Amino acid sequence: MFPLKLDLHVHTTHSGDSLSSVVETIEWGKKRGLDGIAITDHNSIEASKDIPQVINDFIIILGEEIDTQEGHLVVLGIDEKIPSNLPFSETLQLARESSGLAIIPHPFDYLRGGVGPEIARAFIPDAIEVANSHSLLFGVTKSLGTQLARELNVASVGGSDSHLPETIGDSYTVVSCRKRSQDSILESIKERRTQVFGRPTPLRHRLKTLSLALKVF
Ligand SMILES: [Zn+2]
Ligand SMILES: [Zn+2]
């Protein structure tokens with residue numbers, strides 16, 4: 001077993017509200033000392049087209065942050081887009097059919113698409129994102145998320161929810177893996193071999209992210 005340091009929630013320009021190109025995302029991920037990242041654009045897997053052929057040892061997991069009728073769901077390890085705006089239960093079903101790993105991101109951030117604990121209890125995901133660097137109350141939501149993951153007996157994970165290159169890695173997950181591969185990472189998360197680290201993204205970066213989102217909506 002060896003530990004891999006991964007930011008499991010990163011947006012790129014394909015999200016429409018992010019300034020990070022795929023290439024910059026990879027550069028900054030390396031700079032921040034990560035072993036890899038999961039690209040989780042809003043309702044898009046278009047970033048897959050921009051992933052360079054040669055990225056040496058850096059791991060990229062393709063995912064999607066999907067808008068469901070109840071809020072956000074992150075699915076990792078897919079190669080086809082999962083449609084948005086369906087009921088949460090149907091989206092989760094599609095994720096399972098495509099062998100994706102389902103993570104409920106920022107469950108307690110009700111203003112940012114968090115689905116809340118009742119949805120998590122009703123449709124148990126593979127993991128709960130307990131640390132999200134853009135959470136409005138980072139410490140409170142981290143503690144509530146950790147309790148929820150324990151209650152459901154699923155993995156705890158962390159991610160930056162970065163929309164700017166310089167905020168990549170603000171939160172991350174250390175996954176104990178057998179191999180340095182996407183399959184091994186996803187399997188290890190399902191087996192709950194994760195540790196969560198991170199900090200809230202500094203206010204100046206959050207304000208910049210917010211201004212990008214306001215331009216889109
Ligand atoms: Zn979200
Ligand atoms: Zn996000």
Side-chain angles (χ1 to χ4, degrees), residues 6-22 24-25 28-29 34 36-47 60-78 81-86 88 91-92 95 100-117 119-120 123 125-138 141-142 144-145 148-149 156-173 196 198-201 205-217:
L6 306 156
D7 184 344
L8 295 177
H9 191 157
V10 176
H11 293 272
T12 75
T13 43
H14 295 281
S15 281
D17 60 351
S18 163
L19 285 183
S20 323
S21 72
V22 173
E24 275 176 319
T25 302
W28 275 83
L34 297 169
I37 52 160
I39 296 181
T40 55
D41 282 317
H42 295 294
N43 309 307
S44 168
I45 61 160
E46 289 295 299
I60 300 201
I61 299 171
L62 186 64
E64 184 183 0
E65 182 169 25
I66 305 149
D67 287 343
T68 76
Q69 288 173 10
E70 289 88 342
H72 295 176
L73 177 67
V74 165
V75 183
L76 303 186
I78 46 173
K81 183 180 148 38
I82 294 176
S84 43
N85 300 317
L86 297 174
F88 184 90
T91 315
L92 184 64
L101 181 102
I103 301 172
I104 293 189
H106 49 73
F108 294 95
D109 272 78
Y110 298 107
L111 298 175
R112 300 176 53 240
V115 297
I119 291 287
F123 310 103
D126 297 307
I128 297 285
E129 184 188 66
V130 309
N132 177 302
S133 296
H134 282 71
S135 282
L136 299 175
L137 297 164
F138 184 81
T141 52
K142 189 175 174 200
L144 289 171
L148 182 62
S156 295
V157 297
S160 63
D161 208 350
S162 168
H163 292 69
L164 302 172
E166 54 268 46
T167 62
I168 290 166
D170 279 354
S171 286
Y172 56 91
T173 311
V196 177
R199 55 162 192 167
T201 286
H205 288 142
R206 288 188 196 219
L207 291 174
K208 196 165 165 191
T209 301
L210 185 65
S211 76
L212 294 170
L214 293 175
K215 263 180 223 155
V216 173
F217 297 107

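Side-chain atoms are counted along with the backbone in the values below, which use heavy atoms only and exclude waters and symmetry mates. Start at 1 and go down the list; that is how both ligands and their atoms are numbered. Being a predicted model, the structure only gives us computed values, none of them experimental.
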- What's the atom name of the N, O or S in Asp161 nearest to the Zn ion (ligand 2)? OD1
- Message: Would you say the Zn ion (ligand 1) has His42 as a near neighbour, meaning an N/O/S atom of that residue under 2.8 Å away?
- Response: no
- Message: Let me confirm one number: the CG-CG distance from Leu144 to Leu137, rounded to the nearest 0.5 Å.
- Response: 9.5 Å
- Note on the structure: Angle subtended at the Zn ion (ligand 1) by Glu65 OE2 and His72 ND1, to the nearest 10 degrees, is 90°
- Message: Counting backbone and side-chain atoms alike, is an N, O or S atom of His9 positioned under 2.8 Å from the Zn ion (ligand 2)?
- Response: yes
- Using a cut-off of strictly less than 2.8 Å, determine whether His11 has an N/O/S atom near the Zn ion (ligand 2). yes
- Query: Testing His134, His205, Arg199 for side-chain hydrogen bond (donor to acceptor under 3.5 Å, both in side chains) with Asp170, which one passes?
  - Reply: Arg199
- Query: Is a side-chain donor-acceptor pair under 3.5 Å present for Ser21 with Thr13?
  - Reply: no
- Message: The test is side chain to side chain donor-acceptor pair (under 3.5 Å); show your working for Ser171 and Ser133 and say whether it passes.
- Response: CA-CA 6 Å; Ser171 286; Ser133 296; 2.7 Å; yes
- Message: Measuring from atom CD1 of Ile82 to atom OG1 of Thr91, what distance do you get when rounded to the nearest 0.5 angstrom?
- Response: 8.0 Å
